[in-house]
Novice: 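Below you will find the structure I want to go over with you.
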Amino acid sequence: MCKGLAALPHTCLERAKEIKTKLGTLLQKPETAIDLIIPYPEKPEKPIKAPKPSVEEAVQWKDSLEKLLQNSYGLSAFQNFLKMEFSEENIEFWMACEDYKKAKSPAKLAAKAKKIYEEYVQTEAPREVNIDHFTRAVTIKNLVEPSPSSFDLAQKKIFALMEKDSLPRFVRSDIYQELVK
């Protein structure tokens, strides 16, 4: 369309100057760069559709992550809490592993295994979970021939991490405290 600077229409030159100015501002004054970023609205908290548990049932969750995750309301509440803490990759990985185990055909297992690996397990994955090198290596070895137990070790490590770290924080949160009043 435009060949050389002399051929640039007046509006193209103005646009180029505007872009140059904004880039210059970004490079020179990083503290004002926030003004140039387009804000995105936060994702609203997912409404919990499951029936609310009894106080007695919710009280049991403080001592058992397994009971919490078996309850659809508890799982949703825990997910919402982890999203607020920006650490939802652990519960999402755990849930993806649970779903993976239900796959019937070898083709479905392989496809789901690839997706879970790329999303959560591989180094620098978009939602990489915090597992040690040994666990990652065992998981990769298991994926050579995917089986329903391919992610078991990694899933157990993430479960233990959530049980030790996330569950106590969840129990202290307003979300949980409202359930046990």
Novice: Any chance you could measure Asn90, atom CG, to Asp165, atom CG, to the nearest 0.5 Å?
Specialist: 8.5 Å

Novice: Passes side chain to side chain contact (heavy atoms under 4.5 Å, CB included), Leu69 versus Trp94? Steps please.
Specialist: CA-CA 10 Å; Leu69 298 178; Trp94 185 87; 3.8 Å; yes

Novice: Could you tell me which non-hydrogen atom of Asn142 sits nearest to which non-hydrogen atom of Ser150, and how far apart they are?
Specialist: ND2-O, 3.1 Å

Novice: Determine, step by step, whether Val121 and Arg136 satisfy the side chain to side chain contact (heavy atoms under 4.5 Å, CB included) criterion, reporting the C-alpha distance in whole Å, the side-chain angles of both residues, the deciding distance to 0.1 Å, and the verdict.
Specialist: CA-CA 7 Å; Val121 177; Arg136 191 176 317 279; 4.1 Å; yes

Novice: So how far is it from Leu65 CG to Lys164 NZ, rounded to the nearest 0.5 Å?
Specialist: 13.5 Å

Novice: What heavy-atom pair brings Asn130 and Ile158 nearest, and what distance separates the two atoms?
Specialist: O-CD1, 3.8 Å

Novice: Going through the distances and angles, do Val171 and Trp61 end up as a side chain to side chain contact (heavy atoms under 4.5 Å, CB included)?
Specialist: CA-CA 8 Å; Val171 168; Trp61 299 347; over 6 Å; no

Novice: A side-chain contact here means heavy atoms from C-beta on lying under 4.5 Å apart; do Glu92 and Lys83 qualify?
Specialist: yes

Novice: Could you check Glu89, Glu119, Glu118 and say which one makes a side-chain hydrogen bond (donor to acceptor under 3.5 Å, both in side chains) with Arg127?
Specialist: Glu119

Novice: Any side-chain heavy atom of Leu167 within less than 4.5 Å of one from Met162?
Specialist: no

Novice: Could you state the interatomic distance from CG (Leu153) to NZ (Lys141), rounded to the nearest 0.5 Å?
Specialist: 11.5 Å

Novice: Please check if any side-chain donor atom of Glu98 sits under 3.5 Å from a side-chain acceptor atom of Gln155, or the reverse.
Specialist: yes

Novice: Before you tell me yes or no, could you show the steps for Ser166 and Phe78 under side chain to side chain contact (heavy atoms under 4.5 Å, CB included), namely the whole-Å CA-CA distance, both residues' side-chain angles and the distance that decides it to 0.1 Å?
Specialist: CA-CA 9 Å; Ser166 305; Phe78 192 56; 3.8 Å; yes

Novice: Between Ser54 (side chain only) and Glu57 (backbone N and O only), is there a donor and an acceptor less than 3.5 Å apart?
Specialist: yes

Novice: Compare all side-chain heavy atoms of Ser87 with those of Arg169 and state whether any distance is below 4.5 angstrom.
Specialist: yes

Novice: Write down the atom of Ala113, the atom of Leu143, and the distance for their closest heavy-atom approach.
Specialist: CB-CD2, 3.7 Å

Novice: Roughly how far apart are Lys156 NZ and Cys97 SG, rounded to 0.5 Å?
Specialist: 11.5 Å

Novice: When rounded to the nearest 0.5 angstrom, what is the spacing between CD1 in Ile116 and CZ in Phe151?
Specialist: 4.5 Å

Novice: Looking only at heavy atoms, which two atoms of Leu109 and Pro146 are closest? And how far apart?
Specialist: CD1-O, 4.1 Å

Novice: Do Thr135 and Asp132 have a side chain donor and acceptor closer than 3.5 Å?
Specialist: yes

Novice: Quick check: does any side chain N or O of Tyr73 sit under 3.5 Å from a backbone N or O of Leu68, one acting as donor and the other as acceptor?
Specialist: no

Novice: Using a 4.5 Å cut-off on heavy atoms from C-beta on, say whether the side chain of Met95 contacts that of Leu75.
Specialist: yes

Novice: Using 0.5 Å steps for rounding, measure from the CG atom of Asp152 to the OH atom of Tyr100.
Specialist: 9.0 Å

Novice: Quick one: which residue pairs count as a side-chain hydrogen bond (donor to acceptor under 3.5 Å, both in side chains) with a foot in residues 170-179, not counting sequence neighbours?
Specialist: Glu178-Lys181

Novice: Would you say Val59 and Leu179 make side-chain contact, with heavy atoms under 4.5 Å?
Specialist: no

Novice: Would you check if Ile131 and Leu161 make a side-chain contact, meaning some heavy-atom pair closer than 4.5 Å?
Specialist: no

Novice: Do Lys67 and Lys62 have side-chain heavy atoms sitting under 4.5 Å apart?
Specialist: no

Novice: At their closest point, which heavy atom of Thr139 faces which heavy atom of Ala154, and how far apart are they?
Specialist: OG1-CB, 3.7 Å

Novice: Describe, in one word, how the ring planes of Phe81 and Phe170 are oriented to each other, choosing from parallel (under 30°), tilted (30 to 60°) and perpendicular (over 60°).
Specialist: perpendicular

